Amino acid sequence: MMKLEGALYPWRFRVVLALLAVMVGAIAWRIIDLQVVDHDFLKGQGDARSVRHVPIPAHRGLITDRNGEPLAVSTPVTTLWANGKELQAARDRWPALAAALGQEPKAFAQRLEQSAGREFMYLVRGLTPEQGEVVLDLKVPGVYAIEEFRRFYPAGEVTAHVVGFTDIDDRGREGVELAFDEWLAGVQGKRQVLKDRRGRLIKDVQVTQNAKAGKALALSIDLRLQYLAHRELRNALTEFGAKAGSLVILDVKTGEVLAMVNQPTYNPNNRRNLQPAMMRNRAMIDVFEPGSTVKPFSISAALQSGRWKPTDTVDVYPGTLQIGKYTIRDVSKNEGVLDLTGILIKSSNVGVSKIAFDIGAESIYSVMQQVGLGQDTGLGFPGERVGNLPNHRVWPKAETATLAYGYGLSVTAIQLAHAYSALANNGRSVPLTLTRADRSVAEGVQVIPESVARTVQGMLQQVVEAPGGVFRAKVPAYHVAGKSGTARKATVGSKGYTQNAYRSLFAGFAPISDPRIAMVVVIDEPSTGAYYGGLISAPVFGKVMAGTLRLMNIAPDNLLPPVEQATVATTTGQGVTR
């Protein structure tokens, strides 16, 4: 019967065979198509499920001082992460894992429970490679490691305000680290690996892109001077019970910032208990009225006007000057007639006010603006403030007087140091820089006539060395110049001043024969009774300037003659040490 049906319907059998042949041919063609002709599809599908690109961390560029001493370095660290889902299957290993991580078991278990549905969670970041290896050796399922870099700051709190710091993801957040973040940051590389569906590494295939390290940065800071300034400023704050302080050292020829320190400070390597006030780079952020430290620029304006000569005199008796409802007062009473040098030595507000009335406030404003007071320094430092140099269309007498002796304007310590560096550089203002300048002299702009600048240099030398001068700023074996200042602190949110709150200032430069170093010392709210700049800030200036000149190998210009040296040695019974 079967044979009969096959004979009766032979076409059905052939149709079935044909269909089977077509199906086999289609399958064969698809296999050939996928494996030979269009194999990229399957390869892409397979790669999508197993091939991963793991980032290769790149370390940030090294930050050094001008002599190559490291200020910020990147060290390799291990970050441990976990797959929360996988860890749920190894609950019995949680106590051992918590102990290896140094965490409290109960809190650690609670944290893992909350992350049970997550495929990625950080366990701990920033372990040393040795610490990470100890945890990985436990071979707890779902625990993995990532190689990263962490920033370390060898100088710690000494350079904290200049260098700044990075965050946990190695991005610049303060100081030079932020200002030069693009320069310092490296470019991550990529490594191709094979992983199974659980994320476990099967094979390290190849490096598809090499990591590119960040570029190194050499700062203008001299770490030796930074340590010296840090120590002396800290000692001064302790001695005088001051609230805060800043100290800036500049190279007047190149415009390099050789040191910049502030108190209080912080340790960038341990920021657990860091308070925001400690992070402020006060030398560039805090603005204040500079007081008598700007009188040399008022005198410069008078000499530049041609209406005044150094020998001209002003009668400052009786030490007060009434302008409407305002009374200008001198600290020294009954001085009588003073020449221009005497006005600076005695720091006479009355004398400099009378000069300002004669030459006009516009002349003084112009000089102050040219030397950089109340102007952007161009350093590009994060958070730097410009201050304020007022410019009235019509200058009332009261504002004219206060401008001349340093009130009614606001500056930063770095601006004041820049202004004095121009005066020290024979009237030529050089742009400031925080990076090392491989040059001995930088081009600048003549902002004060050279003859005027040299004359004022001599006057400021007398401010320190003349009888009755600021002798606490003297430096053995060197002629130095400078001016002290004492400014009342304005009350926040009002137009008045805080009772018994002062800033003690001293600004100067050395050596007089060929000025190289300019320095400004600002001490905020000394509380031991004395508050004048000549008593508080001048001694700090003298100590730091002495060390700076020695460390910078700057030749003395005030050595005693050989005969006098021998006399001193015989009298004291010992050799003379300079």
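Because the structure is a prediction, the values reported are computed rather than measured.
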**Prompt:** Would N558 and H479 count as having a side-chain donor-acceptor pair, cut-off 3.5 Å?
**Reply:** yes
**Asked** Between V252 and V430, which heavy-atom pair has the shortest distance, and what is it?
**Response** O-CG2, 4.0 Å
**Asked** Closest heavy-atom contact between E443 and P431?
**Response** O-CD, 3.6 Å
**Complete:** So OG of S513 and CG of D557: to nearest 0.5 Å the spacing works out to 3.5 Å
**Prompt:** Can a salt bridge be assigned to the pair D181 and R171 using a cut-off of 4.0 Å between side-chain N and carboxylate O?
**Reply:** no
**Request:** Indicate yes or no: at least one non-hydrogen side-chain atom of L409 is less than 4.5 angstrom from one of P290.
**Result:** yes
**Request:** Using modelled atom types only, decide if a donor and an acceptor are shared between the side chain of Y420 and the backbone of T293 within a distance under 3.5 Å.
**Result:** yes
**Request:** Verify salt bridge (charged side-chain N to carboxylate O under 4.0 Å, His left out) between R150 and D169, making sure each step is shown before the conclusion.
**Result:** CA-CA 8 Å; R150 183 178 65 184; D169 293 315; over 6 Å; no
**Request:** Over all heavy atoms of both residues, which pair between P511 and A555 is shortest? Give the atoms and the distance, please.
**Result:** CG-O, 4.5 Å
**Request:** Before accepting this row, confirm whether a basic side-chain N of the pair D524/K489 lies closer than 4.0 Å to the acidic partner's carboxylate O.
**Result:** yes
**Asked** Distance from I512 atom CD1 to D514 atom CG, nearest 0.5 Å?
**Response** 10.5 Å
**Prompt:** Taking atom OG1 of T341 and atom NZ of K346, what is their separation to the nearest 0.5 Å?
**Reply:** 13.0 Å
**Request:** Could you please spell out the steps behind the side-chain hydrogen bond (donor to acceptor under 3.5 Å, both in side chains) verdict for N426 and Q457?
**Result:** CA-CA 8 Å; N426 298 328; Q457 288 174 15; 3.1 Å; yes
**Which residues share a side-chain hydrogen bond (donor to acceptor under 3.5 Å, both in side chains) with R224, sequence neighbours left out** = D222
**Message:** Checking side-chain polar atoms at under 3.5 Å, does E148 have a donor or acceptor matched by the opposite partner on T79?
**Reply:** yes
**Message:** For Q131 and T128, which I'm curious about, is there any donor-acceptor pair between the side chains at under 3.5 Å?
**Reply:** yes
**Request:** I would like to know whether T486 and L505 meet side chain to side chain contact (heavy atoms under 4.5 Å, CB included); could you show each step before the answer?
**Result:** CA-CA 6 Å; T486 308; L505 314 168; over 6 Å; no
**Request:** Please test L274 against M278 for side chain to side chain contact (heavy atoms under 4.5 Å, CB included), starting from the C-alpha separation and ending with a verdict.
**Result:** CA-CA 7 Å; L274 178 61; M278 295 180 177; 4.0 Å; yes
**Prompt:** CD1/I221 to OG1/T159 distance, rounded to the nearest 0.5 angstrom?
**Reply:** 8.5 Å
**Asked** W183 side chain to A216 main-chain N or O, any donor-acceptor pair under 3.5 Å?
**Response** yes
**Message:** Run Y365 and F297 through ring-ring contact (aromatic ring centres under 6.0 Å, His included) and show every step you take.
**Reply:** CA-CA 9 Å; Y365 169 86; F297 303 105; over 10 Å; no
**Message:** Strictly distance-based, threshold 3.5 Å: is any side-chain N or O of Q226 a donor or acceptor partner for the main-chain N or O of V158?
**Reply:** yes
**Prompt:** Taking all atoms of both residues into account, what is the closest heavy-atom pair of I448 and A453, and its distance?
**Reply:** CG2-N, 4.0 Å
**Message:** Restricting to non-hydrogen atoms, name the atom on S537 and the atom on I523 that form the minimum distance, rounded to 0.1 Å.
**Reply:** OG-CG1, 3.8 Å
**Considering all heavy atoms, the nearest P154-L71 contact** = CD-O, 3.4 Å
**Request:** Any chance you could lay out the side chain to side chain contact (heavy atoms under 4.5 Å, CB included) test for T78 and E147, step after step, and finish with the verdict?
**Result:** CA-CA 5 Å; T78 298; E147 295 177 0; 5.8 Å; no
**Asked** With side chains defined as the heavy atoms from C-beta onward, is the minimum distance between F506 and V540 less than 4.5 Å?
**Response** no
**Request:** Supply the atom-to-atom distance H161 NE2 to N262 CG, rounded to the nearest 0.5 angstrom.
**Result:** 5.0 Å
**Message:** Can you tell me how the ring of Y407 sits relative to the ring of Y497, calling it parallel under 30°, perpendicular over 60° and tilted otherwise?
**Reply:** perpendicular
**Request:** Output yes when a side-chain donor or acceptor of S366 lies under 3.5 Å from a complementary backbone atom of E362, and no otherwise.
**Result:** no
**Request:** Carefully, step by step, assess V176 and L217 under the rule side chain to side chain contact (heavy atoms under 4.5 Å, CB included).
**Result:** CA-CA 10 Å; V176 168; L217 182 67; 3.5 Å; yes
**Request:** Establish, from distance only, whether the side-chain atoms of E177 and Y153 form a donor-acceptor pair under 3.5 Å.
**Result:** yes
**Item:** Electrostatic pair R436-D438, nearest N-O below 4.0 angstrom
**Value:** yes
**Prompt:** Would D170 and R151 satisfy salt bridge (charged side-chain N to carboxylate O under 4.0 Å, His left out), going step by step from the backbone distance to the final call?
**Reply:** CA-CA 7 Å; D170 216 23; R151 217 56 164 155; 5.2 Å; no
**Prompt:** Looking at CG of L247 and CG of L225, how far apart are the two atoms once the value is rounded to the nearest 0.5 Å?
**Reply:** 10.5 Å
**Message:** Could you check whether R282 and S246, counting side-chain N and O atoms only, form a donor-acceptor pair closer than 3.5 Å?
**Reply:** no
**Request:** Check whether any side-chain heavy atom of F288 lies under 4.5 Å from a side-chain heavy atom of R503, and answer yes or no.
**Result:** yes
**Message:** Less than 6.0 angstrom from the centroid, inside 45 degrees of the normal: does R271 satisfy that with respect to the ring of F165?
**Reply:** yes
**Message:** Side chains of S347 and K295: any donor to acceptor distance under 3.5 Å?
**Reply:** yes
**Request:** Taking side-chain hydrogen bond (donor to acceptor under 3.5 Å, both in side chains) as the test, write out the residues that go with E256, two or more places apart.
**Result:** R66, T254
**Prompt:** Which one of E384, E174, M260 satisfies the side chain to side chain contact (heavy atoms under 4.5 Å, CB included) criterion with N281?
**Reply:** M260
